[in-house]
Amino acid sequence: MRNWLLPEHIADILPATARQVETAKAAMLELFRVSGYELVLPPLVEYADALVSDDDTTLDLKTYKLDDHLSGRQLGLRADITPQVARIDAHLLSSRTGVTRLCYAGSVVHARPGGLMSSREPLQVGAELYGYAGIEADVEIIGLMLDALQQVGVQQVRLDVGHIGIFRGLAAAAGLAADVRQELFSALQAKDVATAAELVAGVAEPYRSAFLALPELYGPASVLEKARNRLPSLPEIELALMQLSAIAAAVGDRVQVSFDLAELRGDAYHTGLMFAAYAPGWSEALARGGRYDNVGRRFGRARPATGFSLDLRDLVRILPQRDSAQGIKLAARLLPQAAARVAELRAAGERVIIDYLGESADALNCDRELQFVAGEWQLVPFK
C-alpha cells in the first residue's frame with residue numbers, strides 16, 4: 001500500500017488553510033477569555049474509564065482503546081473533551097466552590113465518523129460553566145456559542161432547542177422498564193413514530209398519548225403552549241417548558257429559534273436543556289451543547305454544568321482569509337551580515353524568506369528584498 005494514503009475520514013490541513021484554522025481558534029479562545037473562561041489543556045490520552053462512563057454506549061463506540069505498557073491498564077484516545085473538563089473541575093479545581101468557567105481547544109479522535117462527511121479527527125473547541133443551575137447560565141453559554149459562530153462568519157444561524165427532562169419525566173411517571181425506556185429513547189431519536197407507538201401500546205394514559213405527541217411538538221415558540229395543553233402537568237415538564245420559554249425570550253430577537261420536544265440527539269451525560277446551531281449550507285449542526293448537571297459525580301464532585309462545543313474543521317470553507325501581505329526576500333549569502341536586521345523585521349511581524357536557490361519573487365511570495373544600500377540594510381520593492 002502506498003504509505004502516503006490516509007485512513008478514511010482523516011485529512012491533512014495544508015498551509016493556507018492551517019493558518020486560517022489556527023487564527024480562528026486563537027480568536028475564539030480570546031473571545032472566551034474576555035468572557036471570563038479560563039483555558040485548560042487536557043491530555044489526548046488517559047485511562048479509558050475516565051473518558052467513558054459505563055452507561056454511555058455512544059461515546060464508548062467512538063473511543064479508541066489500547067493497552068498501557070507501563071500500568072497494564074486500558075487507555076483511551078479522547079473522543080470528547082467534556083468528560084475531561086468535568087474531571088478537572090471535580091478533582092483538580094475542587095477547592096473552587098463558586099462558578100467556574102473553563103474553555104478548551106484540541107483534537108479528538110473518533111473510531112467511527114459522526115456522518116458521511118464528518119472527520120474522525122474533529123478539532124473540538126468549546127466552553128463550559130460549572131456551579132450554577134439557573135437558566136441564566138444556559139443563556140450565557142448559548143450567547144457565547146452564537147458569538148463564536150458570528151465571529152467566523154456563519155450567517156443566518158438557526159437555533160434548535162430541546163429538553164431531555166420532558167422525556168425523562170414522562171418515562172419515570174409512566175414507570176417504563178429500563179429496556180423499554182432505552183428502546184423508546186432510540187425510536188424518538190430516529191423520529192421512528194411507528195416503533196414508538198408499538199413500544200408504548202401498553203402504557204397508561206395520559207402518558208401513552210404524551211409520548212406519541214412529542215414528535216409532533218416542534219416549531220416556533222408557539223409550540224410550547226401546545227405542549228402545555230397536550231402534556232401532563234409533571235414537575236419535570238413544567239420546569240422544562242419554563243426554561244424553554246426563557247431561551248425563546250433571551251435569544252429570539254437575535255436568531256431564529258425552533259423547538260423540538262422529541263429532539264434527543266444529545267450525549268448520554270445531558271440532563272436537561274439541549275441545543276444545536278444550524279446554518280444554510282451545512283447538513284449537520286455546526287455547534288451543540290446543553291446542560292449536563294452532575295457529570296462530575298464519578299470524579300468525586302457533582303456540580304451543575306452547561307456548555308457547548310463545535311468542530312472547527314466543519315467551518316474551514318468560510319473561515320476569514322488571512323492577511324495576504326507578501327514577504328521580504330533575502331539572499332542566503334547575505335544572512336550572516338543581515339542577521340540582526342532580519343531579527344528586527346521578524347519581531348515586528350514581517351515575513352522574511354531566506355532564498356537559497358535564487359528563486360523569483362513570485363515563487364517566494366515576496367514583494368520586497370532586503371539589500372545593503374548606502375551603508376545600511378534597506379527594503380527595496382520589486383518592480
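Here the structure is a predicted model, which is why all the values come from computation and not from measurement.
Every residue was checked against the side chain to side chain donor-acceptor pair (under 3.5 Å) condition with R351, not counting sequence neighbours, and none meets it. Residues satisfying the side chain to side chain donor-acceptor pair (under 3.5 Å) criterion with D49, sequence neighbours excluded, are R73.
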Checklist entry - How far apart are the C-alpha atoms of R96 and D89, what are their side-chain angles, what is the distance that settles it, and do they pass the salt bridge (Lys or Arg N to Asp or Glu O under 4.0 Å) test? => result CA-CA 8 Å; R96 299 187 182 187; D89 175 73; over 6 Å; no

Checklist entry - Going through the checks in order, is the salt bridge (Lys or Arg N to Asp or Glu O under 4.0 Å) test met by E22 and R19? => result CA-CA 5 Å; E22 286 301 308; R19 181 58 60 189; over 6 Å; no

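Ion pairing between a basic and an acidic side chain is recognised when a charged N comes within 4.0 Å of a carboxylate O; E30 and R33 show such pairing. Contact check on E376 versus R341 returns no salt bridge, with no Lys/Arg side-chain nitrogen under 4.0 Å from an Asp/Glu carboxylate oxygen.
For NZ of K25, the number of neighbouring non-hydrogen atoms (other residues, nucleotides, ligands) closer than 6.0 Å is greater than 12. Heavy atoms from other residues, nucleotides or ligands lying under 6.0 Å from CD of E8 number 12 at most. The 12-atom threshold is not exceeded at CZ of R112, counting heavy atoms of other residues, nucleotides or ligands nearer than 6.0 Å. Within a 6.0 Å sphere centred on CZ of R317, other residues, nucleotides and ligands contribute more than 12 heavy atoms. With a 6.0 Å radius and a threshold of 12 heavy atoms from other residues, nucleotides or ligands, N229 has its CG atom above the threshold.
Minimum heavy-atom separation, L199 to V180: O-CG1, 4.0 Å.
The closest donor-acceptor contact from the side chain of D293 to the backbone of V295 lies at 3.5 Å or more, if one exists at all. Looking only at distances, no side-chain donor or acceptor of R303 sits under 3.5 Å from a matching main-chain atom of G296. At least one donor-acceptor pair closer than 3.5 Å links the side chain of R78 to the backbone N or O of S107. R158 contributes no side-chain N or O that, together with a main-chain N or O of S258, makes up a donor-acceptor pair within less than 3.5 Å.
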